[in-house]
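Along the sequence shown, residues are numbered consecutively beginning with 1.
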Amino acid sequence: MSTNHSAQGAATEADGGGAPDARQLRTILVAVSVALMAVVASVSSLNVAQTHMAVEFDASQSTVLWIINIYTLALAALLLPLGAVGDRLGRKPMLLAGLGVFGAASVAGGLAPTAEVMIAARVGSGVGAAMIMPITLAVITSTFPDEQRGKAIGVWTGVAGGGGIIGMFLSALLVDVADWRGLFVLPVVLVVAALALTLKAVPDSRERSDHGFDTVGALVSTVAVVGLIFVLQEGPERGWTAPVTLTGLTVGVIAAVAFVAWELRRRDAALLDVRLFRERGLAGGSVTLLVVFGVQAGIAVVLYPFFQAVLGWSGLLSTVALMPMAVMMMMTSGLAPKLAARIGSHSTMATGIALAGTGLALMALFVSVDGGYPTVLPGMLAMGVGMGLSMTPSTEAITGSLPRAKQGVASALNDVTREFGTALGVAMLGALLAAGYRSAIDDRLHGIPEGAADTAREGIANAVEVADGTGSHAQDLVHAAQQSFVDGWQQAMWAGVAVMGALFLYVAFRGPKDAVRADVAEEKAAEPVGA
């Protein structure tokens, strides 16, 4: 019996080498995990070097933020087009090319003499990352047999979820023990290792299509993602009603609507068949990942200044304090497939969402200035377990909604959803924290000199910095800022609880069912009767 994909105008070709054995599958998983770690770790690595870059490049805070954010912007914008290109040109060549571009750009960043060169290098890194990231998951979903695919996806989601925190820890360690430019050593080392493993073990597979590449869809999707991610990154800094923010929002929304209209018109030749979002698997998995990664990223925005400004910890110690959540997330991502085999992926996802929401509630209820780290640790652990349990079945729901020939696109959609969620969570929870802080501190600034009070309203770091100049008011100002931060924290946490509660209800009633992969169902439908 031959496999028939003519309904979608595509089929998958694999290089001739037979099915990978268990040893090769392990090596493939290590290869794509190392490559993914390089990409994910680079998202947050430069956060710990903001002051160093500002001094060395004589750069403004706005320029430093562009150096950090331009990587994510380029990555998110190009994921979908480059994932589709990888499906057509071959996933192994695309992965190798992406590693080469990413590695070269990382070297250029480490040697950059000016801020402008650094920004260009970060754009190059983002392009390379967009070539790598969707292919790492597509290699798993197109290579691993059904009975092992869930476990492999669990490892992938664990690295994708916890890799950012581990990257921050390693980056903070490098900055403490060496020069900040040492931050670029880690991704280069990971790239070299991933290149060697990919050349050795990763097989090639590609889509054979009867249709031309959807160039218009690729371009319009890129404009849409750039506009919307730009708004989420720049809105908190420039203001949500600033002309440039509103322009970005307008361009992003118009491009997104145009993309949907164009893809509906293309139908079988579309870059992404948007009609698939009517299915519970793709819609439910995407919504869950969007919210879960948004909450995770927002929590990091809240936790990091709590450790530094409220508890007075160093950057390195603050990243160490985040590690228990990352470890629990990575462990339970790997265990999620086993639990899903027993109770179903739908129930596993719902359980994870409930636990993550419980973790947020615990942090909102018990956080305090005097209680310190023990007041947030139980909530962090529950969050880590919950996110790990919900991410793996969500990813499987997305990749399982598209056939094997479209796994680059499926993986890219998974990654774009994560990036949107991250940007949205940082913007929203960060804004809620800032608003809650300003509202709370206004009632605690009586007797504080006017200039110092105005500075303190800008944020807790500003309050701590200006406190020494207020004489006898210093201790009162610091305490007021710390308590106001906790008040803002609780406001942000309860908002997160409400969002997770809404997500739980959505998944409970409209979440993805335990379904057969799209290509498997298609192949069965194409079988002749009695075959």
Side-chain angles (χ1 to χ4, degrees), residues 39-51 53-54 57 59-80 105 109 115-116 118-130 133 160 164 167-168 171 221-256 289-305 412 415-435 458-459 461 492:
V39 170
V40 174
S42 294
V43 172
S44 56
S45 62
L46 290 186
N47 283 330
V48 300
Q50 292 188 44
T51 304
M53 289 189 294
F57 294 141
S60 65
Q61 178 64 17
S62 176
T63 300
V64 171
L65 288 177
W66 265 108
I67 291 173
I68 294 171
N69 291 337
I70 197 69
Y71 172 82
T72 305
L73 189 64
L75 167 61
L78 295 173
L79 278 168
L80 197 57
E116 291 74 19
M118 177 64 82
I119 289 174
R122 291 284 285 175
V123 171
S125 293
V127 173
M133 197 171 189
M168 282 185 65
S171 299
S221 73
T222 299
V223 173
V225 174
V226 167
L228 296 175
I229 293 288
F230 175 84
V231 169
L232 293 173
Q233 288 183 343
E234 295 297 309
E237 192 71 21
R238 298 173 182 260
W240 296 105
T241 57
V244 67
T245 306
L246 294 176
T247 300
L249 179 62
T250 302
V251 170
V253 170
I254 291 174
L289 276 186
L290 181 79
V291 174
V292 168
F293 271 92
V295 170
Q296 177 201 8
I299 292 305
V301 169
V302 173
L303 281 171
Y304 206 70
D415 298 333
V416 170
T417 302
R418 286 168 21 90
E419 296 302 327
F420 263 117
T422 297
L424 186 63
V426 169
M428 295 298 102
L429 285 183
L432 283 171
L433 173 62
E458 296 175 8

Reported CG-to-OG distance for the pair Leu79 and Ser221, which is rounded to 0.5 angstrom: 10.0 Å

Distance-minimising heavy-atom pair for Ala74 and Ala130: O-CB, 4.5 Å

N/O donor-acceptor pair under 3.5 Å between Arg122 side chain and Tyr71 backbone: no

For the student: nearest non-hydrogen atoms of Thr241 and Leu246, plus distance: O-CD1, 3.5 Å

Asp415 side chain reached by Leu80 side chain, heavy atoms, under 4.5 Å: no

Leu424 vs Phe420 side-chain heavy atoms within contact, under 4.5 Å: no

Sub-4.5 Å side-chain heavy-atom contact between Met118 and Trp66: no

Minimum heavy-atom distance Ala256-Ala224, with the two atoms named: N-CB, 3.6 Å

Thr245 (side chain) donor-acceptor with Gly239 (main chain) under 3.5 angstrom: yes

Minimum-distance pair of heavy atoms, taken over all atoms of Ala59 and Val64: CB-CG2, 4.2 Å

Non-hydrogen atoms of Ala160 and Val40 that approach each other most closely: O-CG1, 3.8 Å

Glu234 and Val244, any side-chain heavy atoms less than 4.5 Å apart: no

Side-chain heavy atoms of Leu232 within contact of Val426, under 4.5 Å: no

Nearest heavy-atom neighbours spanning Gly248 and Phe230: CA-CD2, 4.4 Å

Atom pair CG/CG of Asn69 and Leu46 - distance to nearest 0.5 Å: 10.5 Å

